[in-house]
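Lettering follows sequence order; numbering is per chain, from 1. Note that these values count all heavy atoms, side chains included, but never hydrogens, waters or copies made by symmetry.
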Number of protein chains: 2
Amino acid sequence: MASSEVRQEKRRVSELEADSAAPAGMDRSAETRLRLLEAAGPIFAERGLEGVTVREICGRAGVNIAAIHYHFGDKGRLYIAAVKYARERRAERYPFPNWGEDVSPEIRLRGFIETIVRRMLEPDVPWQTRLLMREVLRPTDACRALVEDYFRPDFESLVSIIENLMPDGTTARCCRQTALSVLGQCLLYRIAGDIVRQLVTDAEYRRGYEIESLADHIWRFSLAACRGWEEVEREAQRIRKEWESQQA
Amino acid sequence: MASSEVRQEKRRVSELEADSAAPAGMDRSAETRLRLLEAAGPIFAERGLEGVTVREICGRAGVNIAAIHYHFGDKGRLYIAAVKYARERRAERYPFPNWGEDVSPEIRLRGFIETIVRRMLEPDVPWQTRLLMREVLRPTDACRALVEDYFRPDFESLVSIIENLMPDGTTARCCRQTALSVLGQCLLYRIAGDIVRQLVTDAEYRRGYEIESLADHIWRFSLAACRGWEEVEREAQRIRKEWESQQA
DNA sequence: AGACCTTTCAAACGCCTGTTTGAATCACTA
DNA sequence: TAGTGATTCAAACAGGCGTTTGAAAGGTCT
C-alpha cells in the first residue's frame, strides 16, 4: 500500500520533467506516456471519460494495462493529462483567420462563424480541438479553468465584432446575448445533427448542410438580425401590446 | 433458460393489456409497473439510460431488483417503456399556446420560442417532457420514430410561422434552415448552460437569463433577422466579393 | 381447504470495470 | 560483469453492474 504511493509519487515528479522536453533520443518512459496520450485523446474526444475503457486505450497504444497507473496514477488523471496536452498543442487547433486592421466586421463575423462550425463538424479537425470543445461544452470540475483561457478570448472577440455591427448605443449585455445567439446556431448542428438530418430531406441535407453552406446561412441570419434590430425595436411596443392582450 | 424466456413471453402479453387501462382497483402487477415507470422516468430524463443503475430505480420505486426483469425484460426495455409512457401522457407536456386565426406571426413566434425555452429550462416541467426532449436530442435507435410524431409537427409549425415572416419568394429550404437557427438559439441554454453562466457575470446572469428574458432576446433577434433579410441580400454581393478577396 | 397461477423476494451469478501486485525485463553505472 | 533503479508485463483483485434463480408469498378459483 505504502509502496504504491511511493511509486506514484516518483512518477508525478517525472511527469513534470516531461513537460519540458521530448528529446530526439526519447526514453521509454516518455514514449509510453506519449503513446497513451495520443491513443487516449481521440477516443476521449469522441466518447468522453466514461465512454472509454482503459483496456481499449492500452490496446490501441500497444502498452500494458498497468502503464496508466504507473505513468498517470489513474484513468481520471490520464484524462486531465490529455486535456492539458491538447491545450499545449493549441497551435495545431483549427485557427481563426488572422485579419488585418481594415477588414470589415461583416467579414470578420463570416470568418468567425465558419471557424466555429468547422471546429464543430469537420471530421478531420485535430482531436486536440475536439477534446477541448467537449470540455468546454460539458466542463469537468477538474478542467473548468479551461473555459477561461481557451474559450473566453474567442467569445470576447465575437462580442467585439458584434458591437461593431449592432446599432450605436446597444448595451454590452445585449451584445453578449447576441453573441450567444450566434454560437447557439453553430452548436445546433453538432449537438443535434441527427435530428436535423431527419427533419430535412436527404437531398436537401446533402446539398445545403455542408460546412460552407451552414456557415453562410448562419452568417446571413445573424447579420440580418443586426440590420433589422432597430426596426424591431421600433415595432416592439406595438407587438408587445398585442402579445399581452393575447396572453390575457 | 427456456423457463426465463417463457416468463418474459407471458409478461410481454400483459404489457399490452396494461396499455388499455389502469382501473381504480389496480392489481399488484400494474401498480408495480407504474411505480417503476414513475421512478425511472425522471432519472432517465435527467441522466439517460447509462447514467442510472437498476438498483437506484428499484430503490426509489420501493420494489425488488428482479421486478424490472419480470415486468419489462431488461433495463433497456424499461427505458423504452418509459419513453412510450411519456409519449402517451403527452397531454401533460408543456403545451404550445392555442392561437386564434387572427394572431400575427410575430406573436406566434414569440409564443413558440417561449414554449421551447420553457420546455428546455423550466425545472418543474413534467419529466415526461424532459425525457422526450432528451430522446429527440440524442435519438436512440429504438425511439427514432419519436422525432417524427412528437417533434416534427412542432418544427413544421415553426417553419410556417417563419414563412409568414420572411420576404415573399424566400425558398422553403431557406425557411427550414432559419427555423433551425431559431431552435439552435433555444438549445444553447440547455446544452451549454454551464459555460454560458461562466461567460457572463453572475449579476448579469441572474437578471438577464431567466426564461422570459431569454425568450425575449431570441425572439427579437430572430424577428430582426427576418426584417433585415432583404437588406443583407442586397449587400451580399459586395460583401462576398470582399470576403473572397480576403480569403486569397 | 387445496390446487393453481401470478407476483415478490433475497441471494447469487457472470461479466466487465478500474486498479494493484510482484516478478521479469531493460538500461545504465561502477 | 555484477548491481541498481526504472519500466514493463501477465495475472489477479475488489467492486459495481445488469441479470437470473428458486423458493416464498399472495391472490383466485372450485
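For Y70(B) and dC5(C), the OH to P distance is 13 Å, given to the nearest whole Å. Rounded to a whole Å, the CD atom of E31(B) is 12 Å from the C1' atom of dT7(C). Per the geometry, NE2 belonging to H69(A) stands 16 Å off P belonging to dA14(D), to the nearest Å. Across the protein-nucleic acid pair, R35(A) atom CZ and dT7(D) atom P stand 16 Å apart, rounded to whole Å.
Heavy-atom distances to DNA chain C give each of I65(A) and N64(B) a nearest nucleotide, and the one nearer the 5′ end belongs to N64(B).
The shortest distance between the side-chain N/O atoms of T32(A) and the OP1/OP2 oxygens of dT8(D) is below 4.0 Å.
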Determine, step by step, whether E38(A) and Y85(A) satisfy the side-chain hydrogen bond (donor to acceptor under 3.5 Å, both in side chains) criterion, reporting the C-alpha distance in whole Å, the side-chain angles of both residues, the deciding distance to 0.1 Å, and the verdict.
CA-CA 9 Å; E38(A) 290 284 353; Y85(A) 177 74; 2.5 Å; yes
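Using a 30° and 60° split on the angle between ring planes, Y209(A) and Y189(A) fall in the tilted class, from 30° to 60°.
Nearest heavy atoms, A45(A) versus R134(A): O-NE, 3.2 Å.
Among the atoms of the strands shown, none is found under 4.0 Å from any heavy atom of I68(A).
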Dump every N/O contact between nucleotides 15-18 of chain C and the protein below 3.5 Å, one line per pair.
{"from": "dG18(C)", "atom 1": "OP1", "to": "V52(A)", "atom 2": "O", "distance (Å)": "3.2"}
{"from": "dG18(C)", "atom 1": "OP1", "to": "K75(A)", "atom 2": "NZ", "distance (Å)": "2.5"}
{"from": "dG18(C)", "atom 1": "OP2", "to": "V54(A)", "atom 2": "N", "distance (Å)": "2.9"}
{"from": "dG18(C)", "atom 1": "N7", "to": "R55(A)", "atom 2": "NH1", "distance (Å)": "2.9"}
{"from": "dG18(C)", "atom 1": "O6", "to": "R55(A)", "atom 2": "NH2", "distance (Å)": "2.9"}

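K75(A) places a side-chain N or O within 3.5 Å of a backbone atom of L49(A) that can act as its donor or acceptor partner.
A salt bridge between R87(B) and E135(B) is absent, with no side-chain N of the basic residue lying under 4.0 Å from a carboxylate O of the acidic one.
Distance check, rounded to the nearest 0.5 Å: CG of L146(A) to CE of M133(A) gives 10.5 Å.
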